[in-house]
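Encoded as structure tokens, here's the structure I'll be asking about.
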Amino acid sequence: MTSGPHAAPRVDPWVRLLRHEYVLACAGGVALAVVMTWIAPPVALWLLTAGERWDGVANPVTTIAGDLGDPTLQAWQVAWTGHALLADPGNLWHTNAFFPERYALAFSDSLLGYAPAGLVGSGPAAAVLRYNVLFVLAFALAFVGLYALVRQLGAARVAAVVAAAAFAYAPWRYGHTGHLNVLSTGGIPLALAMLARGHGWSLRRGYRPELVRPGWAVAGWLVVAWQVSLGFGLGLPFGYVLGVGVLVLLVRRAVAGGAPVPAALWRADALGAAAALAVVAALVYPYTQVRAAFPDSVRSWEYVGVFSTPLRGLLVAPAESLVWRSWHGPARDALGSAVNEKALLCGYVLIGLAAVGLFRSVWPARARALLGVGVLVSALLALGTEGPLYRVLYDLAPGFDGIRTPGRLVLWTSLLLAVLAAGAVTALQERLAGERRPVAVLLLAPLTAAVLVEGLPLLGHPVVPPAPPALASAPAPLMVLPTDVLVDNRIQLWGTDTFPAMVNGGSGQFPPRQAELREAMRTFPDAAAVEALRRIGVRSVVVLREEVAGTDYAGALTGPTAGLGITRREVGRDVVYDLAG
């Protein structure tokens, strides 16, 4: 160790930690996510209205990012999984909603990987705040995950920032502001980065045995398991990508040989892959039960076609894109229904940088060619029934006949475009600035700004109505009127104080019994409706006065109850019927 007057000054370990590249990347990713999803939208609205409208930055406890539909459902999902793990782990998959159905958590992507967050706090306000935090962190993890991946592959830091921003804030994502399961993609590039690091591999330098880190390989497999636990909608394709990748690598090694793989790495891969497969197997079971109980969970080719986009959809941005909202209006209208699943623009800046990366890049020519093929194949698959390739997956790959939204495969198009772009920007940086990072930052700042400007959203933060007092006073199991998919999402959220068993429930699966009860309740209170509820053990019905007005359930407020053996009482503005009399 050098000592004396010329010794280098000792750096405090905490200072060194705070200066670490990935600490800075994580902090920057979170800060950027807060700005892009929470602060930028009201500023953008103010600019669009020439200063006439300023809603201010939304309250994360009383408002929810996106809308009052799926976000309230997913806030309930995370709250339920946390509650179930603490109170009754054996009934984790059998939720309080959709009474008396079983395995209701498997009616859609479960978000089970977020269950630890559900352990903190209770009630609707905590559920809303928790959801908003996870919403921001989903964007942050997408940024950090892609940053880590391209850095491991050999990209420069500034280039990694550009690519990560383009991936995390691709315009197509804003068509899914109500789908936390779709936004939660950061585990995919992060797992790939960890696996590559564990195997001592990068695009620029290939396999280097001296850089093998078995611990990182295990960590990568565990992140794979976590990502799949959020949902099979994205987890299933990820599993197939990994499976094909592993198979290709094994065949290549068997044919071409190469440097020996350390035994510790083989053991790490075996352990990590076994753990990931065990998690997947545990998750598959409840979904197979739902598939057996509800044959319509297998999506017909015609039904998938409703959510498939023509080729031009790859160049159309959703309405929540600030830059392209107005310009792409006619093109969006031409896409028809379910437009949020059909507007798949990855970003013109990203596409342009990736196109440059096919010809000028730090990546080897062979790698560029393979990345280009991957972009083409993934884009064609994202077209679903409108493209030439998806039928192969639908017919031959188990599980794909249960996915109704092929457009979400554009995630892989975004990821591969981002890797191509990172190679191009790194080449540009090294040509213009070499190792002089301040110069590189200055030269490449316009690219980062262009990516972020194109990725600006017009994101709503509606106020979540408070839970009505009548809900807490009604004995469970209960049913709340009115009932439909969107209203039930909010009712599920309101029930996160005590999680009462309720017939209400909104999700991706529609149980026939629930549909029959919704229809029967249009004449409640009458003998047939009361008998249908008693038959399954429902003890009370809550009628929400304001919400029921103007619906087919409005008669439930004043209908006659004589001879039915039920009692009617007013609780606040609402009405509660006790079916036990």
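Basis for what follows: all heavy atoms, side chains included, without hydrogens, waters or symmetry-related copies. The chain is numbered in sequence order, starting from 1.
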From CA spacing to verdict: side-chain contact (heavy atoms from CB on, under 4.5 Å), S184, Y114
CA-CA 10 Å; S184 300; Y114 287 140; 2.7 Å; yes

Is there side-chain contact between M521 and L533, with at least one heavy-atom pair below 4.5 Å?
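Yes; the side chains approach each other to less than 4.5 Å.
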
Centroid-centroid under 6.0 Å between F307 and Y303 rings
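Ring centroids of F307 and Y303 are less than 6.0 Å from each other.
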
Tell me if the centroids of the rings in W216 and H199 come within less than 6.0 Å of each other.
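No.
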
In sequence, state the C-alpha distance, the side-chain angles, and the governing distance for Y390 and I403, and then conclude on side-chain contact (heavy atoms from CB on, under 4.5 Å).
CA-CA 11 Å; Y390 192 75; I403 295 177; 4.1 Å; yes

Any donor-acceptor pair under 3.5 Å linking the side chain of W494 with the backbone of P465?
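The answer is yes, because a donor-acceptor pair under 3.5 Å joins these two groups.
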
Measuring only between side-chain heavy atoms, which start at C-beta, is L134 closer than 4.5 Å to V78?
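Sidechains of V78 and L134: in contact.
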
Determine, stepwise, if the pair R490 / T72 fulfils side chain to side chain donor-acceptor pair (under 3.5 Å).
CA-CA 6 Å; R490 200 180 318 156; T72 55; 6.0 Å; no

If you take all heavy atoms of A127 and A79, which pair is closest and at what distance?
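Minimum heavy-atom separation between A127 and A79: CB-CB, 4.3 Å.
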
Using side-chain contact (heavy atoms from CB on, under 4.5 Å), reason through R518 and V485 one step at a time and then give a plain yes or no.
CA-CA 11 Å; R518 282 176 174 163; V485 173; 4.1 Å; yes

Verify whether one side chain among N504 and Q492 offers a donor that lies under 3.5 Å from an acceptor in the other.
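Side chains of N504 and Q492: no pair found under 3.5 Å.
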
Hey, do the aromatic rings of Y553 and F524 have their centres closer than 6.0 Å?
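Not close enough - the centres of the two rings lie 6.0 Å or further apart.
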
Neighbour count >12 (heavy atoms, 6.0 Å) for atom CD, E546:
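12 or below, so no.
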
Let me know which of T81, L283, V290 forms a side-chain contact (heavy atoms from CB on, under 4.5 Å) with W93.
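Checked T81, L283, V290 against W93; only one passes side-chain contact (heavy atoms from CB on, under 4.5 Å): L283.
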
Does the side chain of D574 come within less than 4.5 Å of V543's, by heavy atoms?
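No; the side chains remain at least 4.5 Å from each other.
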
R173, R408, Q227 screened by side chain to side chain donor-acceptor pair (under 3.5 Å) with T185, the one that passes
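The side chain to side chain donor-acceptor pair (under 3.5 Å) with T185 is passed solely by R173 among R173, R408, Q227.
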
Closest non-hydrogen atom pair, V228 against V280
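Nearest heavy atoms, V228 then V280: CG1-CG2, 3.9 Å.
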
Within the distance-only criterion (no hydrogens, no angle test), does the side chain of T95 pair as donor or acceptor with the backbone N or O of A97 below 3.5 angstrom?
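Yes: the side chain of T95 pairs with the backbone of A97.
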
Might you work through the side-chain contact (heavy atoms from CB on, under 4.5 Å) test for L415 and I188, ending with a clear yes or no?
CA-CA 9 Å; L415 190 151; I188 292 175; 4.1 Å; yes

Looking at Q77 and D109, would you say the former's side chain and the latter's main chain have a donor-acceptor pair under 3.5 Å?
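Answer holds: yes.
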
Looking at V530, is its backbone amide N or carbonyl O close enough to the side chain of Y577 to form a donor-acceptor pair, meaning the two atoms are under 3.5 Å apart?
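It does not hold such a pair.
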
Go through the steps for F143 and F167 under the test ring pair (Phe, Tyr, Trp, His ring centres under 6.0 Å), then give the verdict.
CA-CA 7 Å; F143 177 91; F167 175 74; over 10 Å; no

Go through the steps to decide whether T496 and W76 satisfy the test side chain to side chain donor-acceptor pair (under 3.5 Å), and finish with yes or no.
CA-CA 7 Å; T496 53; W76 163 80; over 6 Å; no

Looking only at heavy atoms, which two atoms of Y131 and A65 are closest? And how far apart?
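The answer is CE2-O, 3.9 Å.
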
Is the gap between the ring centers of F510 and F294 under 6.0 Å?
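Between F294 and F510, which both carry aromatic rings, the centre distance is not below 6.0 Å.
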
Which heavy atom in D552 sits nearest to a heavy atom in R522, and how many Å separate them?
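Where D552 meets R522 most closely, the heavy atoms are OD2-NH1, 2.8 Å.
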
Between W172 (side chain) and P318 (backbone), is there a donor-acceptor pair under 3.5 Å?
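The answer is no, because no donor-acceptor pair under 3.5 Å joins these two groups.
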
So, N91 side chain and H94 main chain: donor-acceptor pair closer than 3.5 Å or not?
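Side chain of N91 to backbone of H94, a donor-acceptor pair under 3.5 Å: no, none is there.
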
Would one find more than 12 heavy atoms of other residues, nucleotides or ligands at under 6.0 Å from atom CH2 of W412?
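Atom CH2 in W412 is crowded, with more than 12 foreign heavy atoms closer than 6.0 Å.
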
Does the distance from a Lys or Arg side-chain N to an Asp or Glu carboxylate O, for D578 and R569, drop under 4.0 Å?
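Looking at R569 together with D578, the answer is yes, because their closest N to O distance falls below 4.0 Å.
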
Please check: side-chain N/O of R568 versus main-chain N/O of V576, any donor-acceptor pairing under 3.5 Å?
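No; judged by distance alone, with no hydrogens or angles, the pair does not exist.
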
Indicate the atoms forming the closest heavy-atom contact of T177 with P71, along with that distance.
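The answer is O-CG, 4.4 Å.
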
